[in-house]
Novice: 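One structure, pasted below without further comment.
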Amino acid sequence: DQQVKQNSPSLSVQEGRISILNCDYTNSMFDYFLWYKKYPAEGPTFLISISSIKDKNEDGRFTVFLNKSAKHLSLHIVPSQPGDSAVYFCAASAAGGGNKLTFGTGTQLKVEL
Amino acid sequence: GAVVSQHPSRVICKSGTSVKIECRSLDFQATTMFWYRQFPKQSLMLMATSNEGSKATYEQGVEKDKFLINHASLTLSTLTVTSAHPEDSSFYICSASGGDDYGYTFGSGTRLTVV
């Protein structure tokens with residue numbers, strides 16, 4: 001049972017444009033969400049997170065939006081840069097730090113020149 | 001920022017032997033450490049959660065006698081793959097949490113190949 005889903009396995013965007021990565025979840029107990037960036041043969045790198053009490057969190061070029069009623073979150077990257085090309089995972093937790101994360105299947109983002 | 005060191009980054013071992021992977025939190029005390037496994041082009045699957053000084057909690061379907069986890073101190077957790085077989089070949093990643101203020105920090109992963 002995949003509780004966190006990223007339905008787009010890949011996304012291709014031109015440099016300078018906006019990248020929008022989507023994530024859906026089914027477990028209503030999730031209250032903390034995170035986005036990670038991962039290169040091959042490396043561990044995930046934390047990008048940005050959001051608590052369920054918020055609907056938006058922004059950090060530089062990265063913004064995460066949370067729609068609790070739809071159980072949907074998205075990561076916006078603007079402007080996209082070639083160095084953003086990587087696999088992006090969304091993850092969810094039921095009780096914040098210290099509790100296990102459930103990961104989505106990942107979206108391969110390719111930012112083209 | 002929080003740093004987690006995972007060692008080795010890559011290991012090749014013969015079928016039937018055991019391999020130990022270390023995960024260290026370098027600049028914070030990790031009350032909880034997590035071990036994940038990732039198959040090619042798939043998600044990170046949580047294998048087990050370990051808290052310092054207590055037995056690890058394994059996810060359903062993960063053999064605890066095969067994947068031995070030790071979390072003897074607040075800065076070190078180890079995963080030992082015992083009697084490794086080719087199907088154990090995978091990318092193993094640890095992460096550490098120091099509590100609500102620290103979030104989760106991942107190690108750089110270990111590529112295990114069993115031949």
Novice: Output the distance between atom OG1 (A/Thr107) and atom CD1 (A/Ile20), rounded to the nearest 0.5 Å.
Specialist: 12.5 Å
Novice: Could you check which of B/Ser108, B/Gly109, B/Cys94 has the highest count of heavy-atom pairs closer than 4.5 Å to chain A?
Specialist: B/Ser108
Novice: Could you tell me whether B/Lys66 atom NZ has more than 12 heavy atoms of other residues or ligands within 6.0 Å of it?
Specialist: yes
Novice: Pick whichever of B/Glu59, B/Gln42, B/Met33, B/Arg10 has the most heavy-atom pairs under 4.5 Å with chain A.
Specialist: B/Glu59
Novice: Please check if the side chain of A/Ser51 supplies one atom and the backbone of A/Lys54 the other of a donor-acceptor pair under 3.5 Å.
Specialist: no
Novice: Donor-acceptor check, side chain of A/Ser52 to backbone of A/Tyr32, threshold 3.5 angstrom: yes or no?
Specialist: no
Novice: Run the salt-bridge test on B/Lys20 and B/Glu22 with the 4.0 Å N-O cut-off and return the result as yes or no.
Specialist: no
Novice: Consider only side-chain N and O atoms of B/Ser50 and B/His71, and report whether a donor and an acceptor are under 3.5 Å apart.
Specialist: yes
Novice: Looking at A/Gly104, A/Gly43, A/Pro9, A/Pro44, which makes the most heavy-atom pairs under 4.5 Å with chain B?
Specialist: A/Pro44
Novice: Could you tell me which residues in residues 60-78 of chain A have at least one non-hydrogen atom under 4.5 Å from a non-hydrogen atom of chain B, sorted by residue number?
Specialist: none
Novice: What pair of heavy atoms forms the shortest contact from B/Gln6 to B/Tyr92, and how long is it?
Specialist: NE2-O, 2.7 Å
Novice: Counting heavy-atom pairs under 4.5 Å to chain B, which of A/Gln2, A/Gln6, A/Lys38 comes out on top?
Specialist: A/Lys38
Novice: Would you find more than 12 non-hydrogen atoms of other residues, nucleotides or ligands less than 6.0 Å from B/His85 atom NE2?
Specialist: yes
Novice: Which region of B/Leu44, side chain (C-beta onward) or backbone (N, CA, C, O), has a non-hydrogen atom less than 4.5 Å from a non-hydrogen atom of chain A, or is it both or neither?
Specialist: both
